[in-house]
Student: 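This is the structure I have questions about; it appears just below.
Per chain, numbering begins at 1; letters A, B, ... match sequence-line order.
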Protein chains: 2
Amino acid sequence: MSASAAILDTPSEPPSLRQQAVLDAVLSLIVEGGDPLTMDAVARRASCSKETLYKWFGDRDGLLNATVRWQASRVHAGRTEIDALDAATLNKNLRDFAESWLSVIASPTSVALNRIAVAHAGSHKSNLGAIVLANGRVAIGARVKPVLEAGRAAGLLAFEDTEAAFRTFFGLVGRDIQIRLLLGDALPLDAAGIGRDAAQAVEQFLALYGRANP
Amino acid sequence: MSASAAILDTPSEPPSLRQQAVLDAVLSLIVEGGDPLTMDAVARRASCSKETLYKWFGDRDGLLNATVRWQASRVHAGRTEIDALDAATLNKNLRDFAESWLSVIASPTSVALNRIAVAHAGSHKSNLGAIVLANGRVAIGARVKPVLEAGRAAGLLAFEDTEAAFRTFFGLVGRDIQIRLLLGDALPLDAAGIGRDAAQAVEQFLALYGRANP
DNA sequence: TCGGAGCCGTACTGTACGGTACGGTTCGGC
DNA sequence: GCCGAACCGTACCGTACAGTACGGCTCCGA
């Protein structure tokens with residue numbers, strides 16, 4: 001484990017439109033929470049028969065798997081251009097990453113999906129946790145690290161180990177937010193707050209790893 | 001929510017020795033993971049009857065609740081003395097906190113218990129998540145913050161908001177570790193590594209918040 | 001117009017598990 | 001030695017839910 005390909009093994013073909021609708025139904029049920037996610041409930045919500053669910057997704061686990069992948073498939077934001085990196089651009093890029101990451105982990109969908117994956121990781125079989133990890137922490141790492149390295153190449157940052165630098169950044173941004181949300185803490189977090197938090201995290205990161213452009 | 005008393009409402013009397021043995025059986029089953037925690041399994045492991053379980057703990061939720069509390073009750077480490085705080089002592093105190101916190105979140109017991117609590121927080125009722133939070137993040141906060149404030153009083157640290165400073169410390173120490181472990185990532189983390197990580201986190205924290213003693 | 005594929009809705013089966021009931025045993029008080 | 005309380009082991013009940021079966025509808029291609 002520990003990282004992996006972007007989408008992770010057993011790619012399978014993408015879901016048809018109807019299947020996407022079913023997966024969206026699953027997502028809506030997951031986010032609503034409350035009653036436990038049953039196949040009956042999914043079939044009812046998606047207006048399809050259970051037989052079809054089993055035909056398309058194999059079993060309950062397969063359905064969850066497909067749902068997590070489906071959600072993951074529409075997160076990946078556009079790649080950022082990184083050349084001619086000056087201090088302001090670096091700062092802005094990092095702030096964007098921080099904001100988008102905070103927005104993601106604070107979203108009800110992310111919280112609900114992570115809860116499912118965490119619970120699943122306990123009674124193992126299948127790799128929900130790995131999928132979530134690959135599309136969360138690992139994906140953002142893959143996008144931030146090139147920026148960090150570009151910053152170093154431009155003489156704006158100083159560090160030895162890119163991974164270590166990224167993990168520090170990750171920690172400064174996320175702090176206790178994700179675990180608190182997962183545990184049900186009602187953490188107030190609006191867009192303005194996220195903006196402020198992101199800016200502070202970047203500032204702190206630059207204080208640790210930045211150096212005046214020589 | 002958001003913080004709370006040390007043990008959280010409905011204190012009830014402490015479990016008897018026999019009851020403690022039962023709760024330890026629950027813990028061992030939880031940590032072992034694998035098959036889902038059933039009342040039959042608990043009764044078998046603890047060599048007691050299900051009737052007794054229900055008599056003592058009410059229902060499955062009550063048993064989980066008591067288990068989490070029981071585990072929490074034996075974590076609280078001794079209070080540290082904080083007067084005559086010089087730079088070396090502050091450094092050592094923070095490093096101790098960081099190490100002990102990392103050791104906790106990396107322990108199989110913590111991981112398993114947090115998984116249960118996270119899963120529970122989804123389909124709410126009862127406050128497992130709040131209990132875990134109160135005895136984890138909040139408890140360590142309550143112990144670290146006085147040290148931070150003593151450091152500030154001694155002119156070693158500079159910050160406005162103690163809570164904010166602590167959250168930064170928390171983020172620098174924990175980074176992505178807890179979420180990765182919860183999601184089942186096989187993160188290698190031995191005592192030596194924890195020591196190194198803790199030292200680095202403290203160093204970074206002091207770089208952000210420290211100031212030369214005037 | 002027909003046949004068949006795909007799917008919906010619903011009814012059904014099997015089983016795992018939470019919770020209860022009860023007989024048998026141990027043990028402390030009298 | 002006797003009684004009752006606490007508790008163990010096991011059997012039992014009810015239900016919720018994963019997974020299956022099937023009849024009927026729709027749509028498409030021949």
Student: For B:R18 and D:dA6, what is the distance between atoms CZ and C1' respectively, to the nearest whole Å?
Tutor: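 Distance, rounded to whole Å: 12 Å.
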
Student: B:Y54 has an atom OH; how far is it from atom P of D:dC7, in whole Å?
Tutor: 17 Å

Student: Closest heavy-atom contact between B:R115 and A:A121?
Tutor: NE-CB, 3.8 Å

Student: Quick one: B:M39 CE to C:dA16 P, roughly how many Å, whole number?
Tutor: 18 Å

Student: First locate atom CG of A:D61, then atom CG of A:D59, and finally report the distance between them rounded to the nearest 0.5 Å.
Tutor: 5.5 Å

Student: Which nucleotide in the list C:dG19, C:dC17, D:dA6 gets nearest to the side chain of B:K55?
Tutor: D:dA6

Student: What's the closest nucleotide to the side chain of B:C48 if the choices are D:dC8, C:dG18, C:dA11?
Tutor: D:dC8

Student: Using whole Å, what does the distance between atom P of nucleotide C:dG19 and atom CG of B:D59 come to?
Tutor: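 Atom-to-atom, B:D59 to C:dG19, this comes out as 5 Å.
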
Student: Is it the case that the side chain of A:D185 and the backbone of A:L187 share a donor-acceptor pair, with hydrogens and angles ignored and the cut-off at 3.5 Å?
Tutor: no

Student: Using whole Å, report how far CG of B:D35 lies from P of C:dT15.
Tutor: 19 Å

Student: Whole angstroms only, please: what is the CD-P distance between B:E51 and D:dC7?
Tutor: 10 Å

Student: For B:L37, answer base if it contacts any base atom (sugar-phosphate contacts may also be present), sugar-phosphate if it contacts only those atoms, and nothing otherwise; contact means non-hydrogen atoms under 4.0 Å.
Tutor: sugar-phosphate

Student: Which listed nucleotide (C:dT20, D:dC17, C:dC8) is nearest to the side chain of A:T38?
Tutor: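 Side chain of A:T38 sits closest to D:dC17.
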
Student: Would you kindly give the CG-to-P distance between B:D40 and D:dT10, to the nearest whole Å?
Tutor: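 Computing the B:D40:CG to D:dT10:P distance gives 11 Å.
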
Student: Where does the angle between the aromatic ring planes of A:Y209 and A:F159 fall among parallel (under 30°), tilted (30 to 60°) and perpendicular (over 60°)?
Tutor: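 Rings of A:Y209 and A:F159: perpendicular, as their planes differ by over 60°.
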
Student: When you get a sec, tell me which of C:dC17, D:dC7, C:dC7 is the closest nucleotide to the side chain of A:W56?
Tutor: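 Side chain of A:W56 sits closest to C:dC7.
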
Student: In whole angstrom, give the distance that lies between atom CZ of B:R44 and atom C1' of C:dC17.
Tutor: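 Whole-Å distance recorded here is 12 Å.
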
